[in-house]
Enquirer: 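Provided herewith is a single structure, encoded as structure tokens, for subsequent inquiry.
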Amino acid sequence: MSPHPAPLFAASQVACSFARLPAAFYAALPPRPLDQPRLLHANPQAAALLGLSAADLDSADFLELCAGHARLPGVTPLATVYSGHQFGVWAGQLGDGRAHLLGDVRGPGGTFEIQLKGSGRTPYSRMGDGWAVLRSSVREYLASQAMAGLGIPTTQAMALVGSQDPVMRETLETAAVVTRLAPSFVRFGHFQHWARSPDMQAILLDYVVAHWFPDCFQGTAAQPDRPATACRLLAEVCRRTARLMAQWQLAGFCHGVMNTDNMSILGLTLDYGPYGFMDAFQANHVCNHTDTLGRYAWNAQPAVAQWNLTRLAESLLCLGCAPADLEAALAGFESEFLRAYHQGLAHKFGFTDWRPEDAALGDDWWALLHAQRADFTLAFRYLSQADRDPARWLGLFADPAAARAWLTRYQARLAQAARPAPQRRAAMDRVNPLYVLRNHLAQRAIQAAQQGDATEIARLMALLQDPCTPQPGGDPYAQPPAADAAAVVVSCSS
Ligand code: AMP
Ligand code: MG
């Protein structure tokens, strides 16, 4: 660590827009710092959004900030208040139970809030201890990069700090803090919290629209039309969420805990817990061991997003929105989801456009993968070369005859488009990743980190940053877990 660290940010770069809301929106309180923190990894790309250099990431100032010891100049940290539905049941006030907003920093990549997760109790902690364990923090840290590398909207993770502070879960573990960045961490649950307080809801609406959705504003400065503004905001959140769901589905990503408080108003992937990138494809795959009813299965995610958006819409009724107008906004979800999903699937298949008659080929693709439990990621990745090297692609299927029948239809469809094969293969390899954050890879990085070795985290971060490009030594990271390996079990425990 440098003995005389330069200040990380100029005071003129730093503010906290959330703190200008009325006091009922948050509790101002400092994070509880980790004892003897150790920087396990810093993400130069996320840090560059704020204008931080490699030398800054090595500085004592950076570690102090990310371990909860330091403040941004002139800003008092705060925890925001929100509510939500958990597993379909209204749960009332939920958070922030273990996150502190340090403030916003204006940098070369835009303005980002800096939030610590796992930084101690807040007035909203309920029964929780305010800590996050190393295991779940590594998972959040890596997943943020995995999604960013795939071009999927997400909160970003800038730093992972570990400690020896003990934390009790099923077993005794140690505490860690993830430093996250996002333009805003406002969730559907923030609006749900004020569903019966029109004045507060109007303040929240004005704040969110002025900062992140200026195009949704209706009325005049002297006389804002809040019902109309709220409906436009809802329509835009529906479109963003629909596009996000299409991207999740096409990456084989299961969030695992799609509660309304884990849904970002900006349409970002938010709060990584028991998520999973699928290995063997199963349409009703449930990644979260705790989700015994399969509410958040892969094939349920788009419909769950719609359900969550409907809860968001309900919370806007208090502004005087007409139910029919809210319903019209909600109706935009399905068409935007289908558009984004079809376009994305067309690109993954190497088509330049999606035709209505492709629907059968798409449906039969999923049916084939599901029936044979073929590897999600490699089934797409190897498809680009299936004309030159059918054996490698067919080798992913237990019954190659069924796969060959599908391939014949697919190749007939390719032949209808006059796209040169080399161009098509290259385009497919740019959108079908080779490396995804498979559970067994994350688990290996966690186990090493628990022994004080963060090199596996660094290795995965490098691969996941550029997941479509083969990298030296990367082959083992592209493979599914060994058939006889015990499945990694992930639950809500974090
Ligand atoms: P989650 O299901 O992880 O999204 O968490 C739901 C709410 O519980 C969030 O507001 C968290 O801040 C809070 N929470 C989760 N774990 C803890 C913990 N160990 N201590 C305090 N609050 C927590
Ligand atoms: Mg959460």
Side-chain angles (χ1 to χ4, degrees), residues 147 149-153 239-240 242-253 277-278 280-281 283 298-299 301-302 332-436 466-470 478:
M147 296 300 258
L150 291 168
I152 300 179
R239 285 189 291 267
R240 290 190 190 197
R243 292 194 287 271
L244 183 70
M245 291 307 113
Q247 288 183 287
W248 284 7
Q249 298 308 92
L250 293 172
F253 175 79
F277 286 86
M278 255 188 276
F281 177 67
W298 177 83
N299 57 0
Q301 294 187 128
F333 177 93
E334 187 171 331
S335 54
E336 184 65 3
F337 172 76
L338 288 173
R339 189 200 59 73
Y341 165 74
H342 287 148
Q343 187 190 61
L345 191 56
H347 289 161
K348 289 176 83 72
F349 280 165
F351 305 160
T352 50
D353 60 347
W354 179 264
R355 303 173 185 176
E357 61 270 26
D358 293 333
L361 197 65
D363 290 348
D364 293 346
W365 166 260
W366 297 121
L368 173 72
L369 263 61
H370 176 87
Q372 306 215 25
R373 300 292 191 268
D375 186 75
F376 185 104
T377 302
L378 294 182
F380 278 109
R381 177 73 187 191
Y382 291 172
L383 187 61
S384 69
Q385 306 284 338
D387 50 344
R388 287 205 300 207
D389 183 5
R392 187 173 65 153
W393 183 78
L394 288 168
L396 298 169
F397 298 89
D399 170 16
R404 195 184 292 278
W406 185 88
L407 189 64
T408 303
R409 289 165 57 204
Y410 168 71
Q411 285 171 338
R413 167 64 172 89
L414 282 182
Q416 288 170 24
R419 192 180 201 188
Q423 196 190 332
R424 176 197 39 88
R425 291 189 200 109
M428 290 173 75
D429 287 351
R430 280 195 298 274
V431 295
N432 290 314
L434 190 52
Y435 311 115
V436 294
D466 189 10
C468 293
T469 307

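The first residue in the sequence is number 1, and the count goes up from there.
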Enquirer: Name all residues meeting the salt bridge (charged side-chain N to carboxylate O under 4.0 Å, His left out) criterion together with D358; count only those two or more places apart in sequence or in a different chain, and write none if there are none.
Expert: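 R413.
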
Enquirer: For the pair K348 (side chain) and F380 (backbone), establish whether a donor and an acceptor sit closer than 3.5 Å, ignoring hydrogens and angles.
Expert: no

Enquirer: What distance do R409 atom CZ and D364 atom CG have between them, rounded to the nearest 0.5 Å?
Expert: 4.5 Å

Enquirer: Any heavy-atom pair between the side chains of T377 and Y435 that's under 4.5 Å?
Expert: no

Enquirer: Any donor-acceptor pair under 3.5 Å linking the side chain of R381 with the backbone of N432?
Expert: yes

Enquirer: Determine whether the aromatic ring centres of W366 and F376 lie less than 6.0 Å apart.
Expert: yes

Enquirer: Could you tell me whether the side chain of Q247 and the main chain of G151 form a donor-acceptor pair under 3.5 Å?
Expert: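 Indeed, once roles are kept as given, a pair shorter than 3.5 Å links the two residues.
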
Enquirer: Determine yes or no for a side-chain-to-main-chain donor-acceptor pair under 3.5 angstrom, with Q301 supplying the side chain and F253 the backbone.
Expert: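 Yes: the side chain of Q301 pairs with the backbone of F253.
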
Enquirer: Can you confirm whether more than 12 heavy atoms, excluding those of E334, are under 6.0 Å from its CD atom?
Expert: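 Result for CD/E334: open.
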
Enquirer: What's the spacing between L378 CG and L434 CG if we round to 0.5 Å?
Expert: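 Taking CG in L378 and CG in L434, the distance rounds to 7.0 Å.
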
Enquirer: Mind listing the closest non-hydrogen atom pair of G350 and R419 along with its distance?
Expert: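 Taking every non-hydrogen atom into account, O-NH1, 3.0 Å.
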
Enquirer: So which heavy atom on D387 is nearest to which on A421, and how close?
Expert: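 Answer, listing the atom of D387 first, then A421: OD2-CB, 4.2 Å.
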
Enquirer: Please check if the side chain of R392 supplies one atom and the backbone of Q385 the other of a donor-acceptor pair under 3.5 Å.
Expert: no

Enquirer: Just verifying a value: how many Å separate L383 CG and L407 CG, rounded to the nearest 0.5 Å?
Expert: 7.0 Å

Enquirer: Taking the six-membered ring for Trp, are the ring centroids of W393 and Y382 within less than 6.0 Å of each other?
Expert: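 Centroid distance W393-Y382: not below 6.0 Å, so no.
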
Enquirer: Would you say R424's side chain and S384's backbone share a donor-acceptor pair under 3.5 angstrom?
Expert: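 Yes; at least one donor-acceptor contact below 3.5 Å.
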
Enquirer: What's the spacing between R388 CZ and R425 CZ if we round to 0.5 Å?
Expert: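 One finds 4.0 Å between CZ of R388 and CZ of R425.
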
Enquirer: Can the ring centroids of W354 and F349 be said to lie less than 6.0 angstrom from one another?
Expert: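 Ring centroids of W354 and F349 are no less than 6.0 Å from each other.
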
